[in-house]
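The block underneath contains the structure these notes are about, expressed in structure tokens.
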Amino acid sequence: QVAPVESGGGLVQSGGSLRLSCIVSGSTFWLRGMEWYRQAPGKQRELVAGISPTGNMNYQDSVKGRFSISRDNTKNTVYLQMNSLKPEDTAVYYCKVRNSDSWGQGTQVTVSS
């Protein structure tokens, strides 16, 4: 399985916003659940948000009300809109096809205080 390709990370001030994108190759994207994870230095990788094939969403408690996951099946792309960013959101963000073992290279998000 081809690895997802994430983009959109960067350096932003506290309170700012970023939108991450993840493109997944293949013809069955619309059938697959998608997830965003993040890994901060010295910490374990953690699930941030997920979206089912039908659009049901779930979020880690710490990002509820600030982050929004969405998908565009015509573009094989899943997004993570991140608002009101905090320094503790600093991490490498990864997307993944649910129930797969294929990870992308990730995209770095750095939030300065």
Side-chain angles (χ1 to χ4, degrees):
Q1 185 171 352
V2 177
V5 179
E6 304 95 339
S7 63
L11 173 63
V12 64
Q13 290 188 333
S14 181
S17 298
L18 284 173
R19 189 177 81 155
L20 307 183
S21 300
C22 172
I23 296 176
V24 180
S25 63
S27 61
T28 61
F29 175 81
W30 63 282
L31 292 173
R32 312 299 294 273
M34 295 297 302
E35 297 170 331
W36 281 99
Y37 287 76
R38 66 186 180 187
Q39 187 167 20
K43 295 187 177 181
Q44 288 189 328
R45 194 169 295 186
E46 60 180 4
L47 177 63
V48 175
I51 186 167
S52 74
T54 56
N56 291 322
M57 298 166 282
N58 60 279
Y59 297 95
Q60 183 191 102
D61 284 348
S62 68
V63 307
K64 284 180 180 177
R66 299 188 299 122
F67 290 12
S68 177
I69 188 171
S70 62
R71 63 190 299 156
D72 184 341
N73 291 338
T74 67
K75 297 180 179 179
N76 277 24
T77 300
V78 61
Y79 303 99
L80 186 67
Q81 178 67 44
M82 306 186 295
N83 299 326
S84 302
L85 282 161
K86 305 175 181 180
E88 50 264 42
D89 295 317
T90 294
V92 179
Y93 284 72
Y94 302 88
C95 79
K96 190 174 77 69
V97 176
R98 187 169 285 166
N99 299 322
S100 81
D101 295 322
S102 181
W103 294 90
Q105 82 290 347
T107 186
Q108 176 71 48
V109 172
T110 303
V111 184
S112 63
S113 57

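Along the sequence shown, residues carry numbers from 1.
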Problem - Nearest heavy-atom neighbours spanning Lys96 and Ser102 - result: CG-O, 3.6 Å
Exercise for the section: Could you tell me which non-hydrogen atom of Met34 sits nearest to which non-hydrogen atom of Ile69, and how far apart they are? Expected result: O-CD1, 4.1 Å
Handout entry: Check: Lys75 main-chain N/O paired with Thr77 side-chain donor or acceptor under 3.5 Å
Key = yes
Handout entry: From OG (Ser68) to CG (Asn83), nearest 0.5 Å
Key = 8.0 Å
Practice task
Measure the CD-CD distance between Gln108 and Gln39 for me, rounded to the nearest 0.5 Å.
Solution key: 11.0 Å
Handout entry: Glu6 side chain vs Cys95 backbone, donor-acceptor pair below 3.5 Å
Key = yes
Handout entry: Nearest non-hydrogen partners of Val109 and Gly9, listed with the distance
Key = CG2-CA, 4.1 Å
Exercise for the section: Supply the atom-to-atom distance Met82 CE to Arg19 CZ, rounded to the nearest 0.5 angstrom. Expected result: 11.5 Å
Practice task
Answer yes when Lys64 and Asp61 have at least one side-chain N-carboxylate O distance shorter than 4.0 Å, and no when they do not.
Solution key: yes
Fill in the blank from the handout: d(Asn76 CG, Arg71 CZ) to nearest 0.5 Å is 9.0 Å
Practice task
Indicate whether the side chain of Glu35 and that of Tyr37 have a donor and an acceptor atom separated by less than 3.5 Å.
Solution key: yes
Exercise for the section: Taking all heavy atoms of Asn58 and all of Leu47, pick out the closest pair and write down the distance. Expected result: ND2-CD2, 4.2 Å
Practice task
Report yes or no: do Val12 and Trp36 belong to one cluster of Ile/Leu/Val/Met/Phe/Trp/Tyr joined by side chain heavy-atom distances under 4.5 Å?
Solution key: yes
Practice task
Kindly work out whether a path of hydrophobic side-chain contacts (I/L/V/M/F/W/Y, heavy atoms less than 4.5 Å apart) joins Leu80 to Leu11.
Solution key: no
Handout entry: Where Leu31 and Pro53 come nearest, the two heavy atoms and their spacing
Key = O-CG, 3.2 Å
Practice task
Drop me the distance from Ser113's OG to Lys86's NZ, to the nearest 0.5 angstrom.
Solution key: 14.0 Å
Practice task
Please tell me if the side chains of Met57 and Ser70 come closer than 4.5 Å, counting only heavy atoms from C-beta onward.
Solution key: no
Handout entry: Side chain Arg32, main chain Asn99, donor-acceptor under 3.5 Å
Key = no
Problem - In one Ile/Leu/Val/Met/Phe/Trp/Tyr side-chain cluster, 4.5 Å: Val78, Tyr59 - result: yes
Handout entry: Nearest atoms (heavy-atom pairs only) where Gly8 meets Thr107
Key = N-OG1, 4.0 Å
Exercise for the section: Flag the pair Val111 / Glu88 as yes when at least one side-chain heavy-atom distance between them is below 4.5 Å, and no otherwise. Expected result: no
Practice task
Give the cluster check for Tyr79 versus Tyr93: same hydrophobic cluster or not, with ILVMFWY residues linked at side-chain heavy-atom distances below 4.5 Å.
Solution key: no
Handout entry: Arg38 and Val63: CA distance, side-chain angles, deciding distance, side chain to side chain contact (heavy atoms under 4.5 Å, CB included) verdict
Key = CA-CA 12 Å; Arg38 66 186 180 187; Val63 307; 4.0 Å; yes
Practice task
State plainly whether one hydrophobic cluster holds both Val24 and Trp30, where clusters connect Ile, Leu, Val, Met, Phe, Trp and Tyr through side-chain heavy atoms under 4.5 angstrom apart.
Solution key: no
Exercise for the section: May I ask you to decide if Phe29's main-chain N or O and Asn73's side chain share a donor-acceptor pair within less than 3.5 Å? Expected result: no
Practice task
Check for a donor-acceptor pair, side chain of Tyr94 on one end and backbone N or O of Pro4 on the other, with a separation under 3.5 Å.
Solution key: no
